[in-house]
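Naming convention: chains lettered A, B, ... in sequence-line order (proteins, then strands); numbering from 1 in each chain.
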Number of protein chains: 4
Amino acid sequence: MQPKSGSGELTFTEVGRRRQIVAAAIETIAEVGYTGASFAQIAKRAGLSSPGLISYHFADKDELIGQVVAEIYGTGGAQIRLRSDQASSSTDAVLSFVAGSIAFYDSHRAHMRALIQILNGHPQARERWVDQANSAELDGIEQVLAQGQRDGEFRGDLVPRVAAVVIRDLLSGALQRLLTTPGLDVAAYTGELVTFCRRAISGSADA
Amino acid sequence: MQPKSGSGELTFTEVGRRRQIVAAAIETIAEVGYTGASFAQIAKRAGLSSPGLISYHFADKDELIGQVVAEIYGTGGAQIRLRSDQASSSTDAVLSFVAGSIAFYDSHRAHMRALIQILNGHPQARERWVDQANSAELDGIEQVLAQGQRDGEFRGDLVPRVAAVVIRDLLSGALQRLLTTPGLDVAAYTGELVTFCRRAISGSADA
Amino acid sequence: MQPKSGSGELTFTEVGRRRQIVAAAIETIAEVGYTGASFAQIAKRAGLSSPGLISYHFADKDELIGQVVAEIYGTGGAQIRLRSDQASSSTDAVLSFVAGSIAFYDSHRAHMRALIQILNGHPQARERWVDQANSAELDGIEQVLAQGQRDGEFRGDLVPRVAAVVIRDLLSGALQRLLTTPGLDVAAYTGELVTFCRRAISGSADA
Amino acid sequence: MQPKSGSGELTFTEVGRRRQIVAAAIETIAEVGYTGASFAQIAKRAGLSSPGLISYHFADKDELIGQVVAEIYGTGGAQIRLRSDQASSSTDAVLSFVAGSIAFYDSHRAHMRALIQILNGHPQARERWVDQANSAELDGIEQVLAQGQRDGEFRGDLVPRVAAVVIRDLLSGALQRLLTTPGLDVAAYTGELVTFCRRAISGSADA
DNA sequence: AATGAATGAGTGTTCATTCAT
DNA sequence: TATGAATGAACACTCATTCAT
């Protein structure tokens, strides 16, 4: 009998187990990909006695993967959220968001690798778990860009939504490159990307 | 006995069947992802009596997927190749490549969706079938950028390789967005992306 | 429609084709074993257009294999039949049968290898196709031994049937060894075996 | 998750199931040959619900067959080992080995039938599982023969290796005959084979 | 008489999931 | 709570055989 059915209460042990399994799933998916991450593999890596234990704690594989995605987003969200109120300017807010994102990717490679694998391997991952968060993030960037534009920091012909999209795409590309280029000089790469973004959005050519 | 062993000659019927199966595979992969695209699923969509028929016409799944990739690349290759010689300027070459790529993505959504799914789902897809083409493309962009820079069209501090990578990332992002955003105004989106790129690489702020 | 159904008549072409297929089957089985000798493999080696052609000429796989066995036995039968009437003595008959058998094995390695593979791989090969021939052969040896015993050539306590069986077993072992020992000195090995047999059946210890 | 991975410990139930499956495999192979012994067939005879259960308990077919061979050899090994130290003479050692082997074959027909089928049907059975044991056995026979020859029990012109090979061939032949001759009088056959061997190796004609 | 395309049952193996204990 | 045994559908792929042409 699934423990989480009926009431929404989870026991202390239950919560711990779920955390353990989610962590093992992240590690496993990062290592062997979503396709290779069978319950058997995850259980082996987590030191669990049987794949059945996972089915016992999660309704089905989709629930587990959903929790994995939530865990990854939760970890990142707190850190790299774009904070325009703490920044001295909109430009500063955008650029530190860019640099901060890459820094986060760099320090959480396993998480990011797992996330990518899930997005790649699970047919409905995007629509189910990440599209909403992504468009919220996009909205946030867009708002900062619009604000900066109103403040005269950014070029007048900049279309905030497009620029926001472009920045997100550059970050996606950066993540991809980070994970697949062995000896990448992250600092230098970050610097180049920040420069690129500054130039692309700034009001003056020499920004 | 596999029909295509030995000599490279293929019957008329054989060619037709292979085309049919490749087309069904593209459709299937676009719909249910690489992971979900079992021979059984492909056969069902192709109206074949049994999955065995696919094995009869293709040595193994890799051969089929290779043909799918070749078909997709073959379709697109002629259209979106970056042609600097036919362009009036390096700027024009780059921008029309960007616009042309998005136009191609837009008109071949199922193909591109399938390609992405394969790149995501097949462990060696990149190294086997696309890495070479991709880096050739990247080289092409880089060369045009470098030429434009020598000609004074582009800003002097532009690093051709970085800019080329950025442009490719933007296109990848554009493709992603195209496929996942239901009501996207492609023309507007393309226009804004082109503007963005022009500004990002041009030598003057008002380019 | 199977050509050989109804009347037992075979056309000239038909006979030729069957011979060709049987020969290809022998070659294939000798090379890749009975298990590996699918119709597809046999057709490929024979240069036949399709495995279907084999089914067209033979009712089923068993009929083909039966013909293969018959062909192999037919080839050998004429040559190594034990001829007591042409021998100067029973001892001579037996020993030249032993030596002759090994000589035949040596000169027909592919045939013998195929035969062994069939006996190994086909569940009912022995009972269907070879048991009868084998016991006939055994009878022949036994009769010569009994005759030689009556003539006083062989030891009185020799039990003809047992000795015949022993001789056949030695030949089976010799064939096995011949096919699996790369650099075997066949002449020496034959000599030893003949000596062994002479001693085992002769009436005097120094025979 | 395969139960036997990681530590070598096996549950009580697990051991029982493996035994059951191995026993069913022996029975199946003896009945329908190695080729016909699919997991489906074995499962049917074992009363298992699905062939997948065999894969659950054994890593792959080779592991199962290896266990089958080990089981067969394990059963026989203790009984038919040639014990020269417990024999009153080398002659006695050899002859009781011969008689004992046949007795074992007779009392373990299914096992021996299965072993033969495996040796015949599995491409690498010999080199993987039995060659070592076989040549050790051959060495043992040869040594006893050489010792007996040094002691003057056997004829001086006997070549130990050749005689050992001959004896093994006779036993192989005996096994074959035992399994394929319905009404064979085993006792008589054994007696005659022993007599034959005694005469063939003894130093005196009346041995 | 022959071809090549097609068929469908069969192979070993993996998988998420169930369930008695 | 957790375990390990079991289940049965699914996987890619091979096979002997069929059949329209």
Side-chain angles (χ1 to χ4, degrees), chain A residues 1-3 11-14 16-17 35-43 48-62 64, chain B residues 1-4 10-14 16-17 35-43 48-62 64, chain C residues 1-3 11-14 16-17 35-43 48-62 64, chain D residues 1-4 10-14 16-17 35-43 48-62 64:
Chain A
M1 197 201 307
Q2 241 66 271
T11 68
F12 180 76
T13 323
E14 166 73 0
R17 265 282 189 246
T35 301
S38 64
F39 279 14
Q41 286 294 321
I42 296 172
L48 304 179
S49 58
S50 135
L53 185 60
I54 302 178
S55 289
Y56 176 71
H57 286 284
F58 295 88
D60 55 16
K61 195 167 191 180
D62 275 356
L64 170 60
Chain B
M1 187 152 127
Q2 239 69 263
K4 44 144 259 111
L10 296 180
T11 321
F12 179 76
T13 321
E14 166 74 358
R17 263 280 189 255
T35 301
S38 65
F39 277 16
Q41 287 296 320
I42 297 171
L48 306 179
S49 60
S50 111
L53 188 56
I54 301 178
S55 290
Y56 174 72
H57 287 285
F58 295 88
D60 53 19
K61 196 168 190 179
D62 275 357
L64 171 59
Chain C
M1 196 200 310
Q2 240 67 268
T11 69
F12 180 76
T13 322
E14 166 72 1
R17 266 283 190 241
T35 301
S38 65
F39 279 15
Q41 285 295 321
I42 296 171
L48 303 180
S49 58
S50 137
L53 185 61
I54 302 178
S55 289
Y56 175 72
H57 286 284
F58 295 88
D60 56 16
K61 195 166 192 181
D62 276 357
L64 170 60
Chain D
M1 186 153 128
Q2 237 71 264
K4 44 146 259 97
L10 295 180
T11 321
F12 179 75
T13 322
E14 167 74 359
R17 263 282 188 254
T35 301
S38 66
F39 276 15
Q41 287 296 319
I42 296 171
L48 306 178
S49 60
S50 112
L53 188 56
I54 302 178
S55 290
Y56 174 72
H57 287 284
F58 295 88
D60 54 17
K61 195 167 190 179
D62 274 357
L64 171 59

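- Atom CG of C/Leu48 is separated from atom C1' of E/dG4 by 13 Å (rounded to the nearest Å).
- For D/Thr13, the side chain to side chain contact (heavy atoms under 4.5 Å, CB included) test picks out D/Thr11, with sequence neighbours left out.
- Between D/Ile54 atom CD1 and E/dT14 atom P there is a gap of 13 Å when expressed in whole angstrom units.
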Report, one pair per line, the protein and nucleotides 19-21 of chain E atoms (nitrogen or oxygen only) whose separation is under 3.5 Å.
none

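- The residue among A/Thr13 and C/Asp62 whose nearest nucleotide of DNA chain F is located toward the 5' end is A/Thr13.
- Using a 4.0 Å heavy-atom cutoff across all strands shown, A/Ser38 reaches sugar-phosphate atoms only and no base atom.
- Backbone-only contact: B/Phe39 has heavy atoms under 4.0 Å from sugar-phosphate atoms and none from a base.
- Protein atom NZ of D/Lys61 is 8 Å distant from nucleotide atom P of E/dT11, rounded to whole Å.
- Contact between the side-chain N/O atoms of C/Thr11 and the OP1/OP2 oxygens of E/dA1 is found at a separation under 4.0 Å.
- Residue A/Arg17 places no side-chain N or O under 4.0 Å from the OP1 or OP2 atom of F/dT1.
- Taking only side-chain atoms of D/Ser55, from C-beta outward, the nucleotide of E/dA6, E/dT14, F/dA12 with the closest atom is E/dT14.
- Residues satisfying the side chain to side chain contact (heavy atoms under 4.5 Å, CB included) criterion with D/Thr35, sequence neighbours excluded, are C/Thr35.
- The side chain to side chain contact (heavy atoms under 4.5 Å, CB included) test applied to C/Asp62 returns C/Asp60, C/His122, C/Arg128, C/Trp129, not counting sequence neighbours.
- In this structure, C/Ser49 reaches the E/dT3 phosphate: one of its side-chain N or O atoms is under 4.0 Å from OP1 or OP2.
- For E/dA6, the OP1/OP2 oxygens have a side-chain nitrogen or oxygen of B/His57 closer than 4.0 Å.
- For C/Asp60, taking side-chain heavy atoms from C-beta onward, the closest of the listed nucleotides F/dT17, E/dT18, E/dG12 is F/dT17.
- Nucleotide F/dC13 holds its P atom 12 Å from the CZ atom of B/Phe58, rounded to whole Å.
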Item to complete: Represent DNA chain E in dot-bracket notation, 5' to 3'. Only Watson-Crick or G-U wobble pairs with both distances under 3.5 Å count; pseudoknot-style crossings use [ ] and interstrand partners use |.
Response: .||||||||||||||||||||

